[in-house]
Amino acid sequence: MAAEAEILDEMRRLRARVPHLTGALAATVDGLLLAQDTPGVESADVAALTASAHGIAARMADATGQGDFRELLLRGVYGYVATYAAGSDVVLTLLAQDRVNIGRLHLEGRRAGARIGELVDAAEGASAPSSARAARTSARSARSAEAPRTRTPRAPRTTATNARTTTDS
């Protein structure tokens, strides 16, 4: 892929901006590894697992009326795995130590995901014939033309009729 060097450069800049970030990889939603900077980790396995987690998270978001997938955060005993949407067909997965600043991780991860999505889309646009681009655009238009999902209003919370509101002395 023509954008691989640029994606790797973006990942290196991201690792420089976020202390305690230990790795980053970009993969398609099908599990194809695009670029990786993950020392000590089997990148192909993580890319495949990222694709599986993305699929489940996207279905969960859709089933609960939360809209399109944006990000997923997993916390383990030793740290975090964060996955961010990077365009329509790519995800960025970040590995971080337990002491990472989560707010900073999200801020920088979202920015890097958006940038990587732009790089991938630009590379696809440059290499795809105009008829393939038109087919992709019409498929996206058809998806967005579908009726949007609406949220069902929740029933109001009920409270017990004899709930104590003050303490008796």
Side-chain angles (χ1 to χ4, degrees), residues 1-129 132-133 135-137 139-141 143-144 149:
M1 165 172 257
E4 183 178 357
E6 293 171 322
I7 293 171
L8 280 170
D9 190 41
E10 180 64 31
M11 287 179 184
R12 288 186 187 108
R13 285 193 306 267
L14 175 65
R15 287 188 66 184
R17 290 189 309 260
V18 181
H20 311 296
L21 192 64
T22 60
L25 68 83
T28 66
V29 294
D30 298 329
L32 176 66
L33 184 62
L34 298 178
Q36 61 91 18
D37 182 15
T38 54
V41 176
E42 186 59 44
S43 301
D45 291 345
V46 174
L49 290 167
T50 294
S52 297
H54 170 268
I56 291 168
R59 289 187 66 188
M60 176 72 84
D62 186 49
T64 58
Q66 303 304 317
D68 292 336
F69 171 83
R70 293 289 181 253
E71 60 195 48
L72 175 66
L73 180 68
L74 177 136
R75 181 176 183 212
V77 173
Y78 302 114
Y80 295 89
V81 178
T83 300
Y84 301 92
S88 59
D89 298 325
V90 177
V91 289
L92 170 66
T93 296
L94 305 178
L95 309 174
Q97 296 173 352
D98 190 40
R99 59 184 184 228
V100 71
N101 179 325
I102 294 297
R104 182 74 182 265
L105 179 70
H106 282 318
L107 176 72
E108 297 294 348
R110 290 170 187 151
R111 286 180 179 166
R115 175 72 179 132
I116 289 169
E118 291 170 1
L119 292 170
V120 170
D121 289 346
E124 285 180 355
S127 65
R133 267 186 277 160
R136 250 193 340 266
T137 304
R140 286 184 187 141
S141 302
R143 276 185 278 170
S144 63
R149 292 182 61 115

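Just so it is clear, the values below take in all heavy atoms, side chains as well, and ignore hydrogens, waters and symmetry mates.
Across Leu73 and Ala82, no two heavy atoms sit closer than the pair CD1-CB, 3.9 Å. Annotation for Ala47 and Ala27: closest pair CB-CB, 3.9 Å, computed over non-hydrogen atoms. Nearest heavy atoms, Ala61 versus Gly67: CB-O, 3.3 Å. Between Gln97 and Tyr80, the shortest heavy-atom distance links the atoms O-CD1, 3.7 Å. Heavy atoms only, all atoms of each residue included: Leu72 and Ala53 are closest at CD2-CB, 3.7 Å. Closest non-hydrogen pair, Leu119 versus Ile7, comes out as CD1-N, 4.1 Å.
For the pair Val91/Phe69, a side-chain contact is recorded, criterion being any heavy-atom separation below 4.5 Å from C-beta on. Put simply, the side chain of Pro39 reaches to within 4.5 Å of the side chain of Asp37, judged on heavy atoms. Residues Asp98 and Arg75 form a side-chain contact, since some pair of their non-hydrogen atoms from C-beta on lies under 4.5 Å apart. Within the 4.5 Å cutoff, the side chain of Leu32 has no heavy atoms near those of the Asp30 side chain. Contact check for Leu94 versus Leu14: side-chain heavy atoms found under the 4.5 Å cut-off.
Salt-bridge annotation for Glu10 and Arg17: present, with a side-chain N of the basic residue lying under 4.0 Å from a carboxylate O of the acidic one.
Atom NE2 of residue His54 and atom CG of residue Asp89 lie 9.0 Å apart, to the nearest 0.5 angstrom. Here the CG-OH distance, from Leu95 to Tyr78, works out to 16.0 Å after rounding to the nearest 0.5 Å. In this structure, Gln36 CD and Met11 CE are separated by 8.0 Å, a value rounded to the nearest 0.5 Å. Taking OH of Tyr84 as the start and CZ of Arg111 as the end, the distance is 12.5 Å to the nearest 0.5 Å. Atom CG in Asn101 sits 10.0 Å away from atom CD in Glu108 (nearest 0.5 Å). Taken to the nearest 0.5 Å, the CG atom of Leu107 stands 12.5 Å off from the CD1 atom of Ile102.
The neighbour count for Arg59 CZ, taken as heavy atoms of other residues, nucleotides or ligands under 6.0 Å away, does not exceed 12. Residue Arg13 qualifies as enclosed at atom CZ: its count of foreign heavy atoms under 6.0 Å is above 12.
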Give the C-alpha distance, both sets of side-chain angles, the deciding distance and a yes or no for side-chain hydrogen bond (donor to acceptor under 3.5 Å, both in side chains) between Ser43 and Thr38. CA-CA 7 Å; Ser43 301; Thr38 54; 2.6 Å; yes

Worked verdict on Leu21 versus Val100 for side-chain contact (heavy atoms from CB on, under 4.5 Å): CA-CA 7 Å; Leu21 192 64; Val100 71; 5.7 Å; no

